[in-house]
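Below you'll find the structure, written out as structure tokens, and then a few comments.
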Number of protein chains: 2
Amino acid sequence: MLTRSEEDHLKAVYALLLDGDSALTKDIAHRLRTKASSVTDMLKKLADKGLLKHEPYYGVKLTAKGRGHAVQLVRRHRLWETFLVQRLGFGWDEVHEVAEQLEHVADDKLTDRLDDYLGKPAFDPHGDPIPDRKGRIRPRKTQRLSVCRAQESVRIAAVSETTDGLLRLLDSKGLRIGTQLTVLEVHPFDGSMDIKPKNGASFSVSKEVSHHLQVEPA
Amino acid sequence: MLTRSEEDHLKAVYALLLDGDSALTKDIAHRLRTKASSVTDMLKKLADKGLLKHEPYYGVKLTAKGRGHAVQLVRRHRLWETFLVQRLGFGWDEVHEVAEQLEHVADDKLTDRLDDYLGKPAFDPHGDPIPDRKGRIRPRKTQRLSVCRAQESVRIAAVSETTDGLLRLLDSKGLRIGTQLTVLEVHPFDGSMDIKPKNGASFSVSKEVSHHLQVEPA
DNA sequence: TCCAATTTTTAGCCTCGTCTAATTTATTCG
DNA sequence: CGAATAAATTAGACGAGGCTAAAAATTGGA
Ligand SMILES: [Mn+2]
Ligand SMILES: [Mn+2]
Ligand SMILES: [Mn+2]
Ligand SMILES: [Mn+2]
């Protein structure tokens, strides 16, 4: 049985490896709003438990066992987010903190039944894939909207940052998972982009926003 | 914000006061499977926070504030139990441990929406009343089956102990919340009781069982 | 190459929640 | 009443998980 803190560290490592492919002590500390010295201790502990390998200055790698724990944690997090939005009517900008707590209730029967109850959803409210009970994740080939060129037509597949501010901004512009849009123009000066949603007037989004939108061919 | 341990101590005090009307250090320790010395420390801390008053050898009394926290914890516990049974198909003997964890996710929005989602249930799967969002509890006048006399006809309102063994025994005899039955005979020798459920053959139950069945007039 | 900046670790301290063992305090009973 | 018993507290320890400040290790730039 892992403690909450152990779980959170594993999840941080897992997330850093996914989108940056290295997990350094200082980055883990930053992500968990803690200090590097605290992370050093925890990495030692997790390495002793056979959940990861740590090479200073190079980074952390998860063992199969460690990755398994991380994936199950992600599974629980995303299932709860889905429950909160689909069943309890929460907004997609309101679920992260609560799911951050619920994810630590580690009970396989609970997790699997919740999964069934929700209809074994493939994606959470932010478009992120939900691992199945065996930890398998349906792969998708998406790219950031920010790398798209003028004239491309795409569909929003996921939001790769789940801060309230971004999510509410997207809400206010009518941009959500599944929204189809065409890139009209990209402005090299600031990286901003003019886009036109399929059903709506065109407007522009900043680089900060387009960077966090994962899209797939429409 | 209370820690998990603080919450569990408050709940233990609350429960002890409800069905014994005193809460002694040693009883709290026994209920939480911990030691009296640990409880002493925690009581000091909770008293400092204005959640309870402690008089050694006499017992603990909750302040309004402390009772409020305890009642909200009970509310969350029973709502989750209801969710697990009604929505996820858990047996009533399988929910306690999980609810013991879920109850500590303290988020008013979550609790209230879960309550709505379940249709503001008045009772949990064990027949225990669920406090409403203001902490109000619908009062009921029930008594233990063990104090009933021959010929009395009653309805099972609640099970006042939620150990797996008892619940599974009741399941196997077809005794559940709402079951109507008539007391045929009480045997003074061992306190066992012959009963006849409305729809079923008669059989006998031990004192241990009848003691934990709360009934109301049929 | 070698120095400066960055990253990581170490050392020492702290709080929280728990424990055991010893002690104190209250209650109960002969 | 006074002794035995029961209940509670105190004292001291420990592990988990965090912190700061200082030291050590590595990297990378001039
Ligand atoms: Mn978490
Ligand atoms: Mn998500
Ligand atoms: Mn609990
Ligand atoms: Mn219950």
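Sequence lines set the chain letters: A, B, ... in the order given, protein chains first and strands last, and positions in each chain run from 1. Note that these values count all heavy atoms, side chains included, but never hydrogens, waters or copies made by symmetry.
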To the nearest Å, how far apart are [X] [atom1] and [N] [atom2]?
X      : N       : atom1 : atom2 : result
D48(A) : dA16(D) : CG    : P     : 11 Å
H9(A)  : dA16(D) : NE2   : C1'   : 12 Å
M42(B) : dT9(D)  : CE    : P     : 14 Å
E7(B)  : dC16(C) : CD    : P     : 16 Å
K35(A) : dC13(C) : NZ    : C1'   : 16 Å
Y58(A) : dT26(D) : OH    : P     : 16 Å
K44(A) : dT8(C)  : NZ    : C1'   : 15 Å

Can you see if the side chain of [X] gets near the phosphate of [N] - specifically, an N or O under 4.0 Å from OP1 or OP2?
X      : N       : value
T40(A) : dT10(C) : no
S38(A) : dG18(D) : no
H54(A) : dT9(C)  : yes

Legend entry - Nearest to side-chain heavy atoms of L24(B), which nucleotide of dC19(C), dT18(C), dA8(D):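 Side chain of L24(B) sits closest to dA8(D).
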
Legend entry - Nucleotide of dT20(C), dC19(D), dA8(D) approaching D41(A) most closely (side-chain heavy atoms):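 Closest of the options to the side chain of D41(A): dC19(D).
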
Inset, instruction - Using the side chain to side chain donor-acceptor pair (under 3.5 Å) rule, take D164(A) and H96(A) through it: C-alpha gap first, then chi angles, then the decisive distance, then the call. - result: CA-CA 9 Å; D164(A) 302 9; H96(A) 192 75; over 6 Å; no

Legend entry - N-O pairing of R76(A) and E81(A) below 4.0 Å: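 No.
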
Legend entry - Pair D116(B) + K120(B): basic N to acidic O under 4.0 Å: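 Salt bridge flag = yes for K120(B) with D116(B).
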
Inset, instruction - Establish, for the pair R140(B) and F123(B), whether the NZ or CZ atom is under 6.0 angstrom from the six-membered ring centre and no further than 45 degrees off its axis. - result: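 Yes, a cation-pi geometry.
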
Inset, instruction - Find out whether the Lys NZ or Arg CZ of R87(A) is both under 6.0 angstrom from the six-membered ring centre of Y117(A) and within 45° of the ring's axis. - result: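 Yes, R87(A) and Y117(A) form such a contact.
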
Inset, instruction - Please state whether the base of dT18(C) and the side chain of S37(B) form at least one donor-acceptor pair under 3.5 Å? - result: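 Looking at the base of dT18(C), it does not pair with any donor or acceptor on the side chain of S37(B) (distance under 3.5 Å).
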
Inset, instruction - Determine whether any donor atom in the side chain of Y57(B) lies under 3.5 Å from an acceptor atom in the base of dT25(C), or the reverse, and answer yes or no. - result: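 Between dT25(C) and Y57(B), which were checked side chain against base, a qualifying N/O pair under 3.5 Å is present.
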
